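Read through the structure below, which is laid out as structure tokens, and then see the notes.
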Protein chains: 2
Amino acid sequence: MHHNRTFTIRQLTKEFEVTARTLRFYEDEGLIAPERRGQTRIYSGRDRARITLILRGRRVGFSLAEIREILDLYDQHHDRGVAQTLHARKKFEEQLHKLERQKVDIEESLGELHRAIAAIDQAMAEGVPTAPSVEAHRIEQHHPHRHAAE
Amino acid sequence: MHHNRTFTIRQLTKEFEVTARTLRFYEDEGLIAPERRGQTRIYSGRDRARITLILRGRRVGFSLAEIREILDLYDQHHDRGVAQTLHARKKFEEQLHKLERQKVDIEESLGELHRAIAAIDQAMAEGVPTAPSVEAHRIEQHHPHRHAAE
DNA sequence: GGTGCCGTTTACGTGAACGTCAAGTGATGA
DNA sequence: TCATCACTTGACGTTCACGTAAACGGCACC
């Protein structure tokens, strides 16, 4: 088992392109639990795998609370009773459906973008402006939010 | 053109399942610009279409700032110069790539979930706990965050 | 023995995306 | 005419996911 590797916090921040603050925050939130040599954190391969899941979950739009739930389910459903296991299954399916809806949204958005690009290309080829798929005209705005400089 | 329908804010909140606050907020942010009859907002079909885009954009993980950028691009690239149009094209492609990465993430997550569910089903069928795809054990935590009651 | 460098805790700050009052303005119906 | 909606504009509050700064502990090396 060459699998018992350990990692420092720095290594993981570089690998995953997150800050140490982020990893410590995830630990505070109970998403990971690296061991300690004295004060210093030592991350196992298991921790690393969890981080992978956490970050991917985040990218697809899950909140940390949802991610914690999923991780808990992964942990639980072994030694807990049948009821717990069925509950886990249900939760997994919920997440699954959520992601499938998401996938549809993404595909629709991809469609829009493809059309927009195609329209631009055609307009450029013809040298003539073409009608777009989404109708809209410039909106003027007074933005106290924006900080003047870009 | 049966397309010149207008909508009240209530109608749209129900259709899209958002609060009026949300729509007014989007207006403050310059994402939509409904007309007014006196004080009251009157949303056109165009506004409705924009809201569709905004909400879908949000669901797939775009920030409102990004969404505003996209909407601005849709608006702009007609009457602006070639440089602007090419810039728009580039931006659209960036968004496109972002979404494609997202799609990969989603598909991987879907894979994980399918495997997890399959593992549960098999374990249930056999009445014996099976090894999971993601390794982890319960994490104990002391949570001042959580509000005691679930 | 100072100066980096990596690591730590504690604690307050921040931006995004709204929520939640408070207080006001028409339009409508009894 | 009065009440009751639906709608409006501020303005402050809130949650999430961290950022940022302060202050400290080892260790390495020169």
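Just so it is clear: chains get the letters A, B, ... in the order the sequence lines come, proteins before strands, and each one is counted from 1. Given the structure is predicted, the values throughout are model-derived calculations rather than measurements.
- Remark: B:R36 is in phosphate contact with D:dT9, judged by side-chain N or O atoms under 4.0 Å from OP1 or OP2.
- Using a 4.0 Å cut-off, no side-chain N or O of A:T40 falls inside it from OP1 or OP2 of D:dG26.
- Residues A:Y26 and A:I51 are not in side-chain contact: their nearest non-hydrogen atoms beyond the backbone lie 4.5 Å or more apart.
- B:Q11 and B:E15 form no side-chain donor-acceptor contact under 3.5 Å, judged by distance and modelled atom types alone.
- For D:dC7, the OP1/OP2 oxygens have no side-chain nitrogen or oxygen of B:R41 closer than 4.0 Å.
- Contact check, A:R58 against D:dA17: no side-chain N or O comes under 4.0 Å of OP1 or OP2.
- For the side chain to side chain donor-acceptor pair (under 3.5 Å) with B:E93, the lone residue among B:Q95, B:R89, B:K91 that qualifies is B:R89.
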**Dot-bracket summary - DNA chain C, pairs being Watson-Crick or G-U whose distances fall under 3.5 Å, with | when paired to another strand** = ||||||||||||||||||||||||||||||

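- Taking 4.0 angstrom as the limit, B:T22 places none of its side-chain polar atoms (N or O) nearer than this to OP1 or OP2 of C:dA17.
- In terms of heavy atoms, B:P34 sits closest to B:I32 at CD-C, 3.7 Å.
- The two residues B:A20 and B:T13 make their nearest non-hydrogen contact at N-CG2, 3.5 Å.
- Remark: A:Y26 is not in phosphate contact with D:dA17, judged by side-chain N or O atoms under 4.0 Å from OP1 or OP2.
- Closest-nucleotide positions on DNA chain D for A:R21 and B:T8 were compared, and the one nearer the 5' end corresponds to B:T8.
- Atom-to-atom, CD of A:E17 to C1' of D:dC18 comes out at 17 Å; the value is rounded to the nearest Å.
- When rounded to the nearest whole Å, the span between NZ of B:K14 and C1' of D:dA6 equals 11 Å.
- Distance CD (A:E66) to C1' (D:dA17): 14 Å, rounded to an integer number of Å.
- Here D:dA11 presents its C1' atom at 14 Å from CZ of B:R24, a figure rounded to the nearest Å.
- Comparing C:dC18, C:dG7, D:dA6 by their nearest atom to the side chain of A:I9 picks out C:dG7.
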